[in-house]
Amino acid sequence: MATLDWPEALIPQRAAIGSQGAGEQFRSPYNGTAQTTDFIAERWVLSVTMPQARRVNAGAFEAFAFQLRGGFNRVRAWHFGRPVPIGTMRGSPTLSAGVARGATALPITGGTANSTLLAGDMLGVGGQLCMVATTTTLNGSGAGSVPIVHRVRGTIAGGSAVTWNKPTGDFLMPAMLASVLHMPGAIDGAAFDFEEVW
């Protein structure tokens, strides 16, 4: 098994990102009340549709897609619609303390002083892709506690680098089949689905 980097030259025509919960729901047959059991295993799902391409340029895309079918290999991918934060935080942030599985916030230090992270901005840390839950302003030292949408799925050590420029998560393609439609002189825009793994 190998983990590939998403090639910079492969720009999706459309990309959808979603949040897949992990849990069970039960509704009482007597009074209709709902009960949910929540597991700390939510994950990102990603669907991409590639643009049509000239056949002469299609080989690299085919080879890349075919290596990923069945989840035997993984790919590092980012949020194609928001590759860098809309907020103003930049710099070289790190975690000021370790975070345990289930944590709902990242203690960040080393960001730009008095900068912001807006709800929906993406960060990467410890091999996990994190979305900022609410707009957060770092203090004059570039530090702050940043609430995240998905809980931390595995312990991350203090001092770990926090990536803001195209932060990635590891994704696999669950489908055992990947195919590309060839037409005269071109290939059609193939669509593929991925789910986050860690």
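Quantities reported herein were computed from a predicted structural model and do not represent experimental measurements.
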So does [Y] get a backbone contact from the side chain of [X], meaning a donor-acceptor N/O pair under 3.5 Å?
X      : Y      : answer
Arg43  : Glu196 : yes
Trp164 : Gly91  : yes
Asn73  : Met1   : no
Thr116 : Thr88  : yes
Ser28  : Tyr30  : yes
Asp121 : Ile86  : yes
Arg82  : Gly120 : yes
Arg14  : Ala191 : no
Thr136 : Thr134 : yes
Trp44  : Ile17  : no

Is the shortest heavy-atom distance from the side chain of [X] to the side chain of [Y] under 4.5 Å?
X      : Y      : value
Arg27  : Gln35  : no
Val99  : Pro107 : yes
Ile148 : Met131 : no
Glu195 : Leu172 : yes
Thr109 : Ser141 : no
Phe194 : Val75  : yes
Thr3   : Asp170 : yes
His182 : Glu62  : yes

Please say yes or no: joined through hydrophobic side-chain contacts below 4.5 Å, possibly via intermediate residues, are [X] and [Y] part of one cluster?
X      : Y      : answer
Met89  : Val84  : yes
Ile40  : Val197 : no
Leu68  : Trp78  : yes
Leu4   : Phe61  : yes
Met173 : Val180 : yes

Can you name the closest pair of heavy atoms from [X] and [Y] and give their distance?
X      : Y      : answer
Ser160 : Val125 : CB-CG2, 4.1 Å
Gly111 : Leu138 : CA-CD1, 4.1 Å
Gln25  : Thr36  : CG-OG1, 3.8 Å
Leu123 : Ile108 : CD1-CD1, 3.8 Å
Val146 : Val132 : CG1-CG2, 3.8 Å
Gly126 : Ile156 : CA-CG2, 4.0 Å

Under 6.0 Å between ring centres: does that hold for Trp6 and Phe171?
no
Would Phe64 and Phe192 count as a close aromatic pair, with their ring centres under 6.0 Å?
no
Answer yes or no: is there an ion pair linking Glu42 with Arg153, defined by an N-O contact shorter than 4.0 Å?
no
Between Lys166 and Asp5, is there a side-chain N and carboxylate O pair less than 4.0 Å apart?
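Between Asp5 and Lys166 there is no salt bridge, as every charged N stays at least 4.0 Å from the carboxylate O atoms.
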Going through the checks in order, is the side chain to side chain contact (heavy atoms under 4.5 Å, CB included) test met by Leu129 and Met122?
CA-CA 7 Å; Leu129 188 58; Met122 303 300 287; 3.6 Å; yes
Go through the steps for Phe80 and Leu46 under the test side chain to side chain contact (heavy atoms under 4.5 Å, CB included), then give the verdict.
CA-CA 10 Å; Phe80 293 106; Leu46 182 64; 3.9 Å; yes
Verdict with supporting geometry, Arg69 and Leu177, side chain to side chain contact (heavy atoms under 4.5 Å, CB included)
CA-CA 6 Å; Arg69 86 307 173 238; Leu177 173 67; over 6 Å; no
Residues Thr33 and Asn31: side-chain donor-acceptor under 3.5 angstrom:
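The answer is yes; a qualifying pair exists.
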Does a side chain donor of either Gln20 or His150 reach within less than 3.5 Å of an acceptor in the other side chain?
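Side-chain D/A pair, Gln20 to His150: absent.
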State the SG-CG distance between Cys130 and Leu106, to the nearest 0.5 angstrom.
5.0 Å
Hey, mind stepping through Arg151 and Phe39 against side chain to side chain contact (heavy atoms under 4.5 Å, CB included) and telling me if it holds?
CA-CA 10 Å; Arg151 293 162 293 184; Phe39 307 129; over 6 Å; no
